[in-house]
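Please read the structure below before turning to the comments.
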Amino acid sequence: MLATSAVMLALAVIAVVAGQLVGGGRGRPVPLFTIDLDVAPERRFEEVIRHFNASIQRVFRVLNHAPVRLALRELSAKRGPEDRELMGEIAGIATATGLPEYGIHFMQMVYELNSVMVPIVNITPPLPFLQGPLGCTGILIRRADGVVYQGRNLDFAHANYLQDLVYTGIFTKGSGEVFRAQMLAAYSMPVTALKRGPNGFSWQVNTRFLDHTGGNLQLLRNLFSERRRLNGWTVRKVLEDARDYEEAVATLSTAKLVSTMYNVIGGVRKGAILARDPDGLARKLTLGDHNFQCREDYIIVTNFDYYFHDVREWFDPTGGGGIGHPRRIAAQRILNASDSLTPQLLFETLSDFHVQARDTIFRAVMSVEDDVWNTSLPDCARCPSPALRPAESVAMPLRSAWPMLPGELFV
């Protein structure tokens, strides 16, 4: 009951103060930083924090009210300490920003708390970081020559200031790249990632809202009583340690989680979408198999179990068409109308008015086999800049398989 009361207090009070949030900032490429895993956890994100500190402070000024601070402190204490490495990163971020550790600790629980949802409608009220921040679209396509591409839209509530926290982190060990990830400043968990190699993989998380009565209580039990490893930290360890695509899929299919999630994973000539419950796999879509309402050359997911006829999909207001016009169906109309799926078509699909959400803050088109990491901060209805930001593909050249220069794709 203590943890539940703290969650409810945080939701109620933040709803009152969230109206003070203001956006701003001009368009820019996705910033790029090296995160050296050989460096002490307390110092890994110093450069990132120096760059983003003003944007981080804007967010935490909204939370700087006594009832909110009390709720966040209580949540952090009820959760207890994380793995030593993650606690080191939390302490380092707190020191670099001058913010309390319990506030940074709370940030690491954002995904898990975001999975809470009312039974019918995907409502995104003005609650910074808590409600509805991770609505997404994930698509895996197989080109005619067999090469797999992954496309992702990350939809984050309050895009007008959260887009200013996005960066690409190149995680290294021994001067070599381990993986690269789309990150949010002050949050240690990857949101989109790619691990290069002959059997490497690309990955993204999509919010999968709780799917059964009692799910909210189960989430709180996993978070505060069983103290399971946070979903994002589980994924980060997979990105660091998994030797190949098969090991990543196996671990992300079976690891105990705090809350539900979708893992969208692309590989060399293969791909899968894993719909996860905290204790196991609810559904797996495998690229190339016969999947519900999908052709054999693509699979797709947004935030709803459409293959289980989840009615909530039809109440999702985030797409360009609003309620009654699911983003997934709009994307499939475009994909189904094409005889041949290409990276260019994938990008155009993600950019479509009815597919892109009003708060899409990040877009990626990735391929392990073609060595492509092409990311952008898109223009969206709630984004801080009216101009589409240029692609960023540092150290990941677009090969002839995609006959466009990075800048041309975004003209």
Side-chain angles (χ1 to χ4, degrees), residues 30 110-117 122-124 129-141 149-159 162-163 165-166 181-184 187 189-194 202-211 231-232 235 252 257 259-266 271-276 282-283 285 294 298-307 310 312-313 315-320 325-332 335 346-347 349-366 375-378 380-383:
V30 181
V110 163
Y111 176 83
E112 287 73 17
L113 294 174
N114 166 63
S115 299
V116 176
M117 186 176 177
N122 178 18
I123 297 173
T124 304
F129 305 110
L130 273 177
Q131 194 69 296
L134 285 175
C136 307
T137 298
I139 306 172
L140 292 168
I141 67 166
Y149 273 78
Q150 180 167 346
R152 102 93 93 231
N153 279 347
L154 173 66
D155 312 331
F156 223 127
H158 305 293
L162 287 181
Q163 193 175 57
L165 299 179
V166 176
Q182 177 243 328
M183 306 285 291
L184 292 165
Y187 185 61
M189 317 302 183
V191 184
T192 311
L194 187 143
S202 55
W203 168 89
Q204 72 181 72
V205 59
N206 284 22
T207 297
R208 179 172 182 256
F209 295 105
L210 300 172
D211 62 356
N231 290 20
V235 171
L252 293 175
L257 302 175
S259 65
T260 52
M261 69 186 299
Y262 293 106
N263 292 288
V264 184
I265 310 172
I273 296 173
L274 311 176
R276 279 300 313 270
R283 181 90 171 207
L285 306 181
C294 293
Y298 77 82
I299 48 178
I300 184 172
V301 73
T302 54
N303 304 105
F304 307 96
D305 295 337
Y306 62 94
Y307 37 79
D310 188 346
R312 293 175 297 182
E313 180 179 43
F315 291 88
D316 178 9
T318 59
H325 301 276
R327 289 171 284 125
R328 172 189 63 88
I329 292 177
Q332 289 190 269
L335 298 172
L346 181 58
F347 180 82
T349 301
L350 294 169
S351 306
D352 182 80
F353 174 77
H354 294 280
V355 178
Q356 176 172 314
R358 297 180 179 90
D359 48 14
T360 297
I361 67 170
F362 175 83
R363 178 168 295 130
V365 175
M366 309 175 281
T375 64
S376 63
L377 303 175
C380 76
R382 296 170 181 165
C383 292

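Below, all heavy atoms of this structure are taken into account, side chains as well, without hydrogens, waters or symmetry copies. Along the sequence shown, the residues carry numbers beginning at 1.
Checked against side-chain contact (heavy atoms from CB on, under 4.5 Å), Pro190 has the following partners two or more places apart in sequence or in another chain: Ala181, Met183, Trp203, Val235, Arg236, Leu239. In this structure Ser202 satisfies the side chain to side chain donor-acceptor pair (under 3.5 Å) test together with Gln150, sequence neighbours excluded. Remark: Leu285 engages Ile273, Arg283, Asn291, Ile299, Tyr306, Tyr307 in a side-chain contact (heavy atoms from CB on, under 4.5 Å) (not counting sequence neighbours). Applying the side chain to side chain donor-acceptor pair (under 3.5 Å) criterion to Glu112, with sequence neighbours excluded, gives no partner residue. Applying the side-chain contact (heavy atoms from CB on, under 4.5 Å) criterion to Ala272, with sequence neighbours excluded, gives Tyr245, Leu274, Lys284. The salt bridge (Lys or Arg N to Asp or Glu O under 4.0 Å) check on Arg358 picks up nothing, with sequence neighbours excluded. By the side chain to side chain donor-acceptor pair (under 3.5 Å) test, Thr192 is found to be paired with Arg152, Gln182, residues two or more places apart in sequence or in another chain being considered. Taking Tyr298 as the reference, Gln332, Asn336 meet the side chain to side chain donor-acceptor pair (under 3.5 Å) condition, with sequence neighbours excluded.
Phe304 and Tyr262 make their closest contact through C-OH, 3.0 Å (heavy atoms, listed as atom of the first residue, atom of the second, distance). The minimum heavy-atom distance between Ala364 and Leu350, with the atom names listed, is O-CD1, 4.0 Å. Pairing each heavy atom of Asn206 with each of Gly138, the nearest pair is ND2-N, 3.6 Å. Scanning all heavy atoms of the two residues, the minimum distance from Thr349 to Ile139 falls at CG2-CD1, 4.1 Å. Contact record, Leu184 with Leu162: CD2-O, 4.0 Å, taken as the closest heavy-atom pair. Nearest approach of Gly151 to Gln204, heavy atoms of both residues: O-OE1, 3.5 Å.
Side-chain atoms of Asn303 and Arg327 form a donor-acceptor pair, as typed in the model, at a separation below 3.5 Å.
Side-chain contact between Leu252 and Ile265: present, with at least one pair of heavy atoms (C-beta onward) separated by less than 4.5 Å. Within the 4.5 Å cutoff, the side chain of Ser376 has no heavy atoms near those of the Val30 side chain. A 4.5 Å side-chain heavy-atom check between Arg208 and Asp305 finds at least one atom pair inside the cut-off. A heavy-atom distance below 4.5 Å is not found between the side chains of Phe156 and Asp359. Residues Tyr149 and Val365 have side chains in contact (heavy-atom distance under 4.5 Å, counting atoms from C-beta outward).
A distance of 10.0 Å separates CD in Gln163 from CG in Leu154, rounded to the nearest 0.5 Å. Separation of atoms CE (Met261) and OH (Tyr111) is listed at 5.0 Å; rounding is to 0.5 Å. With rounding to the nearest 0.5 Å, the separation of NE2 in His325 from OG1 in Thr318 is 12.5 Å. Note that CZ of Phe362 and CG of Leu165 are 13.5 Å apart. Values are rounded to the nearest 0.5 Å.
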| request: Please test Ile300 against Cys294 for side-chain contact (heavy atoms from CB on, under 4.5 Å), starting from the C-alpha separation and ending with a verdict. | output: CA-CA 8 Å; Ile300 184 172; Cys294 293; 4.0 Å; yes
| Ile361 and Leu377: side-chain contact (heavy atoms from CB on, under 4.5 Å), yes or no, with the steps? | CA-CA 6 Å; Ile361 67 170; Leu377 303 175; 6.0 Å; no
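Side-chain atoms of Arg276 never come within 3.5 Å of backbone atoms of Asn263 as a donor-acceptor pair (strictly under, hydrogens ignored). Side-chain atoms of Asn231 come within 3.5 Å of backbone atoms of Ser259 as a donor-acceptor pair (strictly under, hydrogens ignored).
For Arg363 and Phe347, the positive end sits near the middle of the six-membered ring, less than 6.0 Å away and at most 45° from its axis.
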